[in-house]
Amino acid sequence: MPRKILIVEDNEDNRELVLKVLRNKGYEMIQAADGEEALEKAVAEMPDLILLDISLPKLDGYEVARRLKGMEEFKEIPIIAFTAHAMKGDREKVIVAGFEGYISKPINVREFPEQVRSYLRGKWESVIGGKEE
Ligand code: MN
């Protein structure tokens, strides 16, 4: 079964690029264009990974992450901040909000699939209890 990824991004060009690059790698892609749609799609589809823009209509990415991480079934699903806000302190802010990581926009098309894969691998390891003490 292909891994399922939810991309939440209100900018259509950015969203289409991510869809194209990751579909090309064989992932099953789900998409949402605002915070409310993100919550609906996440709950309905239970993706293996969520790429979540911060600046979004209706609910911002911080709020979407907080709500999802408040649900037991999303505790092990990596939520990755997908944002152009690459300022100092943002990394800390997204971790506090419940995100597992951070990928900056614009994406580097050559490096992006490996960045995504490393977060999926991290999730898989935590699910099978492979973490070393
Ligand atoms: Mn945005």
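Whatever order the structure lists ligands and atoms in, that order sets their numbers, starting from 1.
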Checklist entry - Under 2.8 Å from the Mn ion (ligand 1), which protein atoms of type N, O or S occur, listed by chain and number? => result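 Asp10 OD1, Asp53 OD2, Ser55 O, with waters left out.
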Item to check | Audit row: Lys69, Phe99, side-chain contact (heavy atoms from CB on, under 4.5 Å) steps and yes/no | outcome: CA-CA 9 Å; Lys69 288 301 182 182; Phe99 290 87; over 6 Å; no
Next on the checklist: Check this for me, if you would: do Lys41 and Glu45 make a salt bridge, where the nitrogen-to-carboxylate-oxygen distance has to be below 4.0 angstrom?
Outcome noted: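 Salt bridge: no.
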Can I get a per-line list of side-chain donor-acceptor pairs under 3.5 Å for residues 9-17, giving both atom names and the distance, sequence neighbours left out?
{"from": "Glu9", "atom 1": "OE1", "to": "Lys105", "atom 2": "NZ", "distance (Å)": "2.8"}
{"from": "Glu9", "atom 1": "OE2", "to": "Asn11", "atom 2": "N", "distance (Å)": "2.8"}
{"from": "Asn11", "atom 1": "OD1", "to": "Asp13", "atom 2": "N", "distance (Å)": "3.0"}
{"from": "Asn11", "atom 1": "OD1", "to": "Asn14", "atom 2": "N", "distance (Å)": "2.9"}
{"from": "Arg15", "atom 1": "NE", "to": "Gln31", "atom 2": "OE1", "distance (Å)": "3.0"}
{"from": "Arg15", "atom 1": "NH1", "to": "Glu9", "atom 2": "O", "distance (Å)": "2.9"}

Item to check | Worked check of side-chain contact (heavy atoms from CB on, under 4.5 Å) between Leu49 and Arg3 | outcome: CA-CA 8 Å; Leu49 179 120; Arg3 297 301 193 87; over 6 Å; no
Next on the checklist: Could you walk me through whether Val116 and Ile80 satisfy the side-chain contact (heavy atoms from CB on, under 4.5 Å) test, starting with their C-alpha distance in whole Å, then the side-chain angles of each, then the deciding distance to 0.1 Å, before giving a yes or no?
Outcome noted: CA-CA 9 Å; Val116 168; Ile80 309 306; over 6 Å; no
Next on the checklist: Within the 4.5 Å heavy-atom criterion, are Ile7 and Met29 side-chain neighbours or not?
Outcome noted: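 Heavy-atom side-chain distance check passes, below 4.5 Å.
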